[in-house]
Structure formats: C-alpha cells, structure tokens
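Read the numbers this way: they start at 1 and go in the same order the structure lists the ligands and their atoms.
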Amino acid sequence: MNQTLEEVVSLARQCGCGHRHYDIPIEQMVVGREAFARLVAYLRHKRYERVAIVADDHTFAAVERSLCDQLENGSIRYTVCLVQPDENGDVIADERSIVQVLLETPDDVDVLIAVGAGTIHDITRFSSYKMRIPFISVPTAPSVDGFTSMGAPLIIRGVKKTIQAQAPIAVFAHTGVLCQSPKEMIAAGFGDMVAKYTSLADWQFAHWMADEPYCPFVHQLTEQSLQTCVDHIDDIAAGGEQGIRVLMDALLQSGIAMLLMGQSYSASGAEHHLSHYWEMEFLRQKKRQVLHGAKVGVSTPIIIEHYQRVFWPLLNELEKRPKSMDEATWERLKANTASIRELLESLPSPERIRTMLAKVGGAIAPEQLGIDPQLVERSLREAHRLRLNRFTMLYFLNELIFVE
Ligand SMILES: NC(=O)C1=CN([C@@H]2O[C@H](COP(=O)(O)OP(=O)(O)OC[C@H]3O[C@@H](n4cnc5c(N)ncnc54)[C@H](OP(=O)(O)O)[C@@H]3O)[C@@H](O)[C@H]2O)C=CC1
Ligand SMILES: O=C(CO)COP(=O)(O)O
Ligand code: NI
C-alpha cells in the first residue's frame, strides 16, 4: 500500500467530507514471504486456538504444506472446509457454498481463515459474518480488490447481489504463493484495477447528479492505487515479486477504500454492472465462469467507448429537457455539463486500456472470453438495472435519455 494502514486510518479520521467513515477493523496486513509465520504469531497473540480454513481444491493446494506446517508448528488446531464446485466445475459464492461452510464450521471455532481468491473470500466473509465470528484473509492470487472490503457479491437465486457483511481482521498475503498463481489471475487483478477509471468517473457523476455519498479522500485512495499499477505495469507484466507486491498492495488499498464508504461506490461502476450481467448470463447458460478481473478489464474500454460515442455528443445537442427527465435533474445536468465534459475527456482512450491489458497478458475483447456482441449490446441496455441504486452514466442514458 502507498500509505500504511495506520496512516490511512488517521487520514480517514481527519477527512472533512461529512460522511461517517466505517471503522477499519483490520489489525494487521502483511504482504511478504514471512506472511504465514506472522499469521501464526497473530493467532497466538489473539489466543485463537481453533481455526477453520475455508478454501477450494486449487486454492488449498496452492498453500497446503507452507501454511499447514506453520499452523502445526504453532500448535494451532485447524479444520479444512473445501468448498465444492458446481455442476459446471466452478466454485460460486452462492447459497450452496455458504450452507456448506455453515455446516462444516465447528461450533467452537474462534476464527475462519479464507484461503483463496475473490470467491472464497466472499463465501467466508458472509458466512463468518452470519456466524458472528471474525475472519482472516489469506489471498492465494492477486486477482481482485475483494480481500479487505466488507461487501460480499453473492449469487442468490441466480441474481448477483452485493451484501455488506464484514472486513477481515487481518490479511496475510504470501508473495511466494501469489507469484505462483495462474498468470491469468495476475492479469485479472490488473483488470480489476483498470476498471477504477470508469468506476471513479461514474461515482463522481453520481455525486454531482444524484447526491450519491462521496468522499474525496476515498476517491484519492482508489485513484492512487490505480495509478501505482499503471506506473508499475512492466513489473506487474513480468510477474516477479516486486510487481506482485505492487499489485497486491493496490488491490488491498482499493478494498480499504470500499471499506471506508461501506459500499463499493469507488470501485464498481457501469463496467462492473456489465460484468455482473455477463456472469449471470453464463450461469443461466451453464457456461464455465470467467475471472472477474478479466471481465471488468474488457468491459472498461467498452464503457469508455460507449460514453464517448453516445454521451459526449448528447452533452452538445441537448437543447431542451427530455420528457423522461425531471426538472431537478435537468437543472443539475445543465449546471454540471462542463464538469461532465471534463470528466469524459479525462478518461483514457479505449485503445490505451486495451494496450495495458495486453501488456499484462489479459484479454482485450469480449469475444476472447466467450462473450458475444449480442450479449454486449444487451448488457449496455440492461445491466444498469442490476444496481438501480447507482446513478452511473449508463443508468442516466438508459433511464433518462433513451427510454422507449
Ligand atoms: N467483495 C468484494 O469487494 C469483491 C468481490 N469480488 C468477487 O470475486 C469473485 C471473483 O474472484 P476471482 O479471484 O476473480 O476468482 P475466483 O475466486 O473465482 O478464483 C477462480 C479460481 O481460481 C483458482 N485459484 C485461486 N487461487 C489460485 C492459485 N493460487 N493457484 C491456482 N488456482 C487458483 C481457483 O480455482 P478452482 O475454483 O477451480 O479451485 C479459484 O476458484 C467474483 O464473484 C467477484 O464478484 C471481486 C472484487 C471485489
Ligand atoms: O468487484 C467489486 C469491486 O472491484 C465489487 O463490486 P460490486 O459491489 O458491484 O459487487
Ligand atoms: Ni471488481
């Protein structure tokens, strides 16, 4: 992280944005080869004697001996719950996974340990929250910014819905394990960070046009973590320890930014809503899932293109209030037109995003992920409905301008 945890906590306390920031319950964040030794020391310090590991086959295999030897040497008693994949072979943060964890967690356990990437963390975050026990994060891949946040995007009855649960009390990320993670997961982590270009733009727009809760400090935290990844893209592309550490620190900082707001305003805009829409369609068609960061990496240039091709000209053409727009919104649009133009101008070109994604070995087009043009077109018209409480530019275009 660019700032230490203590510095972020202190800066958040000094922030005069007017919004009550959520407390940061994270007591330790370790990124390095000493992570598992530090985890055992932390467990002993907290007098946690019974821990329950939540993982899946691949994620447990990624840490097994290095983590379990440390736990056993530290006389920490542990159980292991390996979350089972669905019929398509994917581990999903859904009802069945949550019930499996609830059923397999011993009654007397002190803490859950999420050993995995985004999905395992969301299953563990929600389950531990409901059992009123803390959880510790052990990331196995730098693939998402969902390690330090409190939100849990769950698939409930086929619909992806983010439920605010709890953040981990500590994070122990072993850089040796992270460096061994699949290269596409490292690219996915960069993709989840690149998505902040449009998530931050949508958040700014939502604040101007709909008074969405906004904090300049949280915006700056997220923007700083994004810029650090862009500045160190060569290191990240090389996949060495230095690049992995930069990426992991950025993902942790972006998660803390979400945590401070108690919502994912800073990290999830229309690019994420497209991704969630595609994810649900893949579930419906029983297709193998695609990494979250790969989807949002690809959807970011699509959203930038859409905004610059559709929204930009509109700002110059709108002479009178469209029937579907109320007077108050029309007045806000006119008052903020210049700022919105600047916001759109500040976005990198779609080509620049795709060049960066290609540099880290990520997908650049939806077709590479099995997402056909028809699904992309449909998602541009409908995906905003997945988060009707987010006044993104896509929401604005679909609900207040291009209404049938
Ligand atoms: N809470 C939040 O704030 C956020 C949540 N998310 C959520 O995260 C989820 C996606 O997480 P993501 O990390 O992309 O993907 P997953 O967590 O779904 O991981 C995909 C698979 O990668 C495999 N894997 C993980 N680590 C390793 C490793 N080190 N070595 C080998 N294989 C490994 C596992 O395969 P297998 O399953 O086959 O064992 C794992 O299930 C989405 O649901 C997204 O909504 C994303 C961002 C923020
Ligand atoms: O993926 C996320 C941030 O990167 C979380 O987004 P949602 O709140 O839309 O699930
Ligand atoms: Ni994301």
Just do the ring-ring contact (aromatic ring centres under 6.0 Å, His included) check on Phe311 and Phe396 with the steps written out, would you?
CA-CA 10 Å; Phe311 194 14; Phe396 177 81; 5.6 Å; yes
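Under 3.5 Å, the side chains of Gln14 and Ser10 contain a donor-acceptor pair of N or O atoms. One side chain, Asp326 or Thr329, offers a donor N or O that lies under 3.5 Å from an acceptor on the other. With 3.5 Å as the limit, one finds no donor-acceptor pair spanning the side chains of Gln289 and Glu279. Looking at Glu212 and Tyr265, their side chains never bring a donor and an acceptor atom within 3.5 Å of each other.
Within the structure, ring-ring contact (aromatic ring centres under 6.0 Å, His included) contacts touching residues 41-90 (residues at least two apart or in different chains) are Tyr42-Phe172.
Sorted by chain and number, the residues within 4.0 Å of ligand 2 by heavy atom are Asp145, Pro153, Thr162, Asp192, Lys196, Met258, Ser264, Ala267, Ser268, His272, His276, His292, Arg387. Protein residues lining ligand 1, listed by chain and number: Asp56, His58, Thr59, Ala62, Val91, Ala117, Gly118, Thr119, Asp122, Arg125, Thr140, Ala141, Ser143, Val144, Asp145, Gly146, Ser149, Gly151, Pro153, Lys160, Ser181, Pro182, Met185, Asp192, Met258, Leu291, His292 [non-hydrogen atoms, distance under 4.0 Å].
Checking side-chain atoms of Thr105 against main-chain N and O of Val101 turns up a donor-acceptor pair under 3.5 Å.
Using a 4.0 Å cut-off between a side-chain N of Lys or Arg and a carboxylate O of Asp or Glu, Arg96 and Glu87 qualify as a salt bridge.
Atom NE2 is the N/O/S atom of His272 found closest to the Ni ion (ligand 3). No other N/O/S atom of Asp192 lies as close to the Ni ion (ligand 3) as OD1 does.
Atom CD of Gln84 is surrounded by more than 12 heavy atoms from other residues, nucleotides or ligands within 6.0 Å.
Every residue two or more places apart in sequence or in another chain that forms a side chain to side chain contact (heavy atoms under 4.5 Å, CB included) with Glu377 is listed here: Leu380, Arg381.
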